[in-house]
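The structure appears right after this line, and notes come after that.
Quick note on labels: first sequence line is chain A, next is B, and so on, each numbered from 1.
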There are 2 protein chains.
Amino acid sequence: MTTIKDIAKEANVSTGTVDRVLHDRGGVSQETSDKIKGILRKKNFKINQIASSLAMKKHLNLATLIPMYDNQNVFWKSPASGIQKASQEVNANGVEITNFFFDQFDPKNYIDTFNKLLDSNPDALIMAPIFVKETSLIIKSLNERDIPFIFLNINQKGYNNLCYIGQKSFEGGSLAGQLLNLCTTQDDELLIVQTRKNLDDYRSFSQRGKGFIDYFNKNNIKKSIHQIQFDGLKNESNVGKKINSLLKSNKKIKGIVVPSSRTSNIIELIHPDIQAIIKVVGFDTTPKNISALKKGQITFLISQKSFNQGYKSIITMVNYLIHKVKPDPEIPTPLEIVTKENVEFIEYDMRRYDSGL
Amino acid sequence: MTTIKDIAKEANVSTGTVDRVLHDRGGVSQETSDKIKGILRKKNFKINQIASSLAMKKHLNLATLIPMYDNQNVFWKSPASGIQKASQEVNANGVEITNFFFDQFDPKNYIDTFNKLLDSNPDALIMAPIFVKETSLIIKSLNERDIPFIFLNINQKGYNNLCYIGQKSFEGGSLAGQLLNLCTTQDDELLIVQTRKNLDDYRSFSQRGKGFIDYFNKNNIKKSIHQIQFDGLKNESNVGKKINSLLKSNKKIKGIVVPSSRTSNIIELIHPDIQAIIKVVGFDTTPKNISALKKGQITFLISQKSFNQGYKSIITMVNYLIHKVKPDPEIPTPLEIVTKENVEFIEYDMRRYDSGL
DNA sequence: TCGCACGATGTGTACGCACACGAATATAAG
DNA sequence: CTTATATTCGTGTGCGTACACATCGTGCGA
């Protein structure tokens with residue numbers, strides 16, 4: 001392995017000079033610089049990241065701003081775990097991460113939490129920009145302070161975020177379309193169940209619905225696609241009544257897609273007789289969804305690997321801050337298809353990422 | 001962040017003594033040891049992996065023994081790339097990796113290559129134990145020299161391999177069963193196409209076939225499942241004739257599974273009219289398979305993420321040798337379902353690696 | 001012509017943290 | 001008091017980073 005010392009010796013300069021060239025820190029004559037660069041190439045020199053990390057010992061202070069999770073809304077637990085894992089790994093690099101959780105149904109709390117976060121003087125921020133107007137204020141604040149930020153799981157256009165890490169919701173919807181189309185027959189009809197009303201257009205719920213319909217359009221497949229929308233699932237018995245009556249009056253509906261992570265909540269309300277003959281595609285591998293999948297109530301789950309999203313967001317930011325690696329502006333996470341038969345093997349990936357050697 | 005120095009100061013000992021305690025290297029009195037351990041716990045001390053790696057700078061020499069790949073047999077390119085990637089990452093740890101490729105159809109070459117490998121005095125080995133008898137000889141050799149080894153992609157029981165990293169072939173077959181069952185109707189019949197004869201029972205081809213059939217048994221689904229077997233695909237026109245005549249005389253066959261990575265080779269031989277009405281499940285995301293998937297010739301591909309297998313094998317071994325982390329005896333890689341609609345988003349990491357380097 | 005200032009360029013080295021080995025010290029045994 | 005044994009100390013090592021300092025050459029004023 002070639003070290004900086006080797007390079008320095010061959011170029012008849014000191015290691016300090018080589019270091020300047022490596023990091024473009026200036027103060028080196030063109031001639032010397034060229035000579036060193038040549039030797040670097042010739043010897044195929046690569047910075048030893050281990051030694052580099054040790055030497056830098058940057059004290060970085062990252063903050064995250066994502067929704068809090070509870071038993072009712074468990075989705076965000078998964079990215080939070082990914083963040084947690086990454087956090088442990090980069091800890092040795094002198095990177096500290098503080099999580100700030102907000103109420104995903106309360107814009108004011110979003111702002112308040114952000115202000116608390118600002119007080120901690122973070123060097124960078126990983127955030128889920130849930131509310132449109134409030135996000136605009138937040139970004140303004142960030143830009144004034146020159147704090148770089150990454151959008152996680154939810155994207156909003158028009159900002160100077162370092163990158164977006166998350167799913168392609170529209171494409172996820174198309175995938176759901178393909179799957180339901182494959183496991184139903186030509187004459188069968190389909191149903192989209194939205195669990196929220198007043199969907200902001202940019203939200204995944206909305207995009208998935210559009211992508212779903214688009215699948216049939218782009219492939220010239222004639223399909224009757226019904227839609228039903230609820231304003232949350234607080235009133236379960238009411239929701240159940242409506243769905244069941246719809247399904248009873250439309251016997252040709254043989255496939256349902258729920259473009260949110262609340263898939264199992266919906267399915268459980270459906271009459272068992274109908275459950276038995278209907279194919280269901282849902283999103284996200286929450287524990288309840290997985291349990292429904294295993295019971296056969298859900299046919300396919302499409303996972304966005306939100307654990308990985310959280311994990312990657314940290315790694316990407318650290319790479320940017322420490323190693324100046326500019327990420328792609330969009331880092332899509334895979335659309336992972338999960339069924340009863342492969343569900344046992346998917347979780348494994350959570351343990352995967354490199355052990356921080 | 002607490003360092004060894006902090007601990008040492010508080011315990012009134014030198015850092016060397018703390019280090020001994022940390023690594024159970026002995027030579028420390030019970031009393032001192034207890035005191036230090038107490039402080040370690042109290043301060044929640046964690047070894048700084050960065051500094052640790054730098055200090056150790058073990059010079060490890062890993063070897064790999066896997067089949068060579070070419071245009072005809074491209075499968076092993078993927079694990080090799082994973083190994084390559086991991087190789088670069090651990091390079092900074094002073095770990096050197098040498099690859100030894102053998103002819104997967106020639107047992108003698110397997111042994112010869114292994115002997116060459118032995119001459120390089122490796123500290124550990126990652127291998128694909130393709131041939132039964134020859135593997136037994138190889139393992140004997142390894143054990144005499146106390147060289148730890150990992151089985152990659154192919155498992156053989158009864159050896160003291162550190163672990164097995166690879167797919168669950170049987171379960172992969174079951175998954176194929178589920179998918180074909182979902183996208184065909186009750187009366188449709190199915191076909192298994194084996195591309196090799198004389199299958200060793202432990203090989204993935206064979207296990208997948210069994211798992212496929214088992215899916216229908218365990219779920220009490222009555223299905224006519226046909227099987228056809230070829231001795232390699234050298235004589236393509238002959239293979240094509242046989243398949244087409246089989247499909248023409250059995251019009252009820254609406255689904256085909258090819259339990260090997262040669263899926264696209266088979267499908268291309270099938271008459272276009274039949275292709276159009278038949279669902280196909282295949283294995284492995286080779287470039288040709290992916291291209292067939294995009295053209296609609298293949299409905300589902302089941303990937304074993306062989307890139308990750310290769311990658312993991314190295315990381316696992318290095319963790320074992322340097323950090324003494326004993327891996328699980330079986331590390332299954334996910335059964336990833338790939339369709340036309342999500343193929344763009346799979347293995348983001350790998351594509352990046354392939355193109356970026 | 002001398003002296004000095006200053007920018008440009010380059011040197012030398014302390015530092016980050018854990019590791020491990022030779023040397024020193026303490027303690028016990030003979 | 002010597003030898004042996006058990007503990008513990010002190011420090012060089014791994015490699016890159018970055019800052020304080022040294023060196024050189026040029027230009028300018030007197």
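For the OP1/OP2 pair of dG16(D) and a distance below 4.0 Å, the side-chain nitrogens and oxygens of Ser52(A) include no atom meeting the criterion. Of the side-chain N and O atoms in Arg20(A), none sit less than 4.0 angstrom from OP1 or OP2 of dT9(C). At dA20(C), none of the side-chain N or O atoms of His23(B) fall inside 4.0 Å of OP1 or OP2 (strictly under the cut-off). Close to dC17(C), at under 4.0 Å from its OP1 or OP2, lies no side-chain N or O of Thr15(B). For the pair Thr17(B) and dT8(D), the criterion of a side-chain N or O lying under 4.0 Å from OP1 or OP2 is not met.
dC19(C) atom P lies 11 Å from atom CG of Leu54(B), rounded to whole Å. Separating the NZ atom of Lys9(B) from the P atom of dC9(D) is a distance of 15 Å, rounded to the nearest angstrom. Atoms NZ (Lys5(B)) and P (dT11(D)) sit 12 Å apart, rounded to a whole Å. For Gln30(A) and dA8(C), the CD to C1' distance is 14 Å, given to the nearest whole Å. Between the C1' atom of dA18(C) and the CG atom of Leu22(B) lies a distance of 9 Å, rounded to the nearest Å. When the C1' atom of dT11(C) is taken as reference, atom CG of Asp19(A) falls 13 Å away, rounded to whole Å. Regarding Asn48(A), its CG atom lies at a distance of 18 Å from the P atom of dT13(D), rounded to whole Å. Taking atom CE on Met56(B) and atom P on dG12(D), their separation rounds to 22 Å, with Å as the unit.
Using cut-offs of 30° and 60° on the angle between ring planes, the pair Tyr311(B) and Phe307(B) is parallel. Taking the six-membered ring where tryptophan is involved, the planes of Phe102(B) and Tyr110(B) are tilted, since the angle between them lies from 30° to 60°.
Side-chain N/O atoms of Ser29(B) and base N/O atoms of dT8(D) include no donor-acceptor pair closer than 3.5 Å.
Distance from the side chain of Ala51(B) is smallest to dA18(C) among dC9(D), dA18(C), dG16(D). With distances taken from any side-chain atom of Ile47(B) to the nucleotides dA18(C), dT8(D), dT17(D), the minimum falls on dA18(C). For Ser14(A), the side-chain atoms get nearest to dT11(C) when compared with the rest of dC19(C), dG16(C), dT11(C). Distances from the side chain of Arg25(A) to the nucleotides dA18(D), dT11(C), dG10(C) place dA18(D) closest.
The local environment of CD in Glu96(B) is sparse, with at most 12 non-hydrogen atoms from other residues, nucleotides or ligands closer than 6.0 Å. Applying the 6.0 Å contact sphere to CD of Glu144(B) captures more than 12 heavy atoms from other residues, nucleotides or ligands.
Using a cutoff of 4.0 Å between basic side-chain nitrogens and carboxylate oxygens, Lys168(A) and Glu344(B) are not scored as salt-bridged.
Here Asn12(A) lies in heavy-atom contact (under 4.0 Å) with sugar-phosphate atoms only. Nucleic acid contact class of Ile4(B) (heavy atoms, under 4.0 Å, all strands): sugar-phosphate only. Within 4.0 Å of Thr3(B), counting heavy atoms only, lie sugar-phosphate atoms of the nucleic acid but no base atom.
Of the possible donor and acceptor atoms, none in the side chain of Asp328(A) sits under 3.5 Å from a partner among the backbone N and O of Glu330(A).
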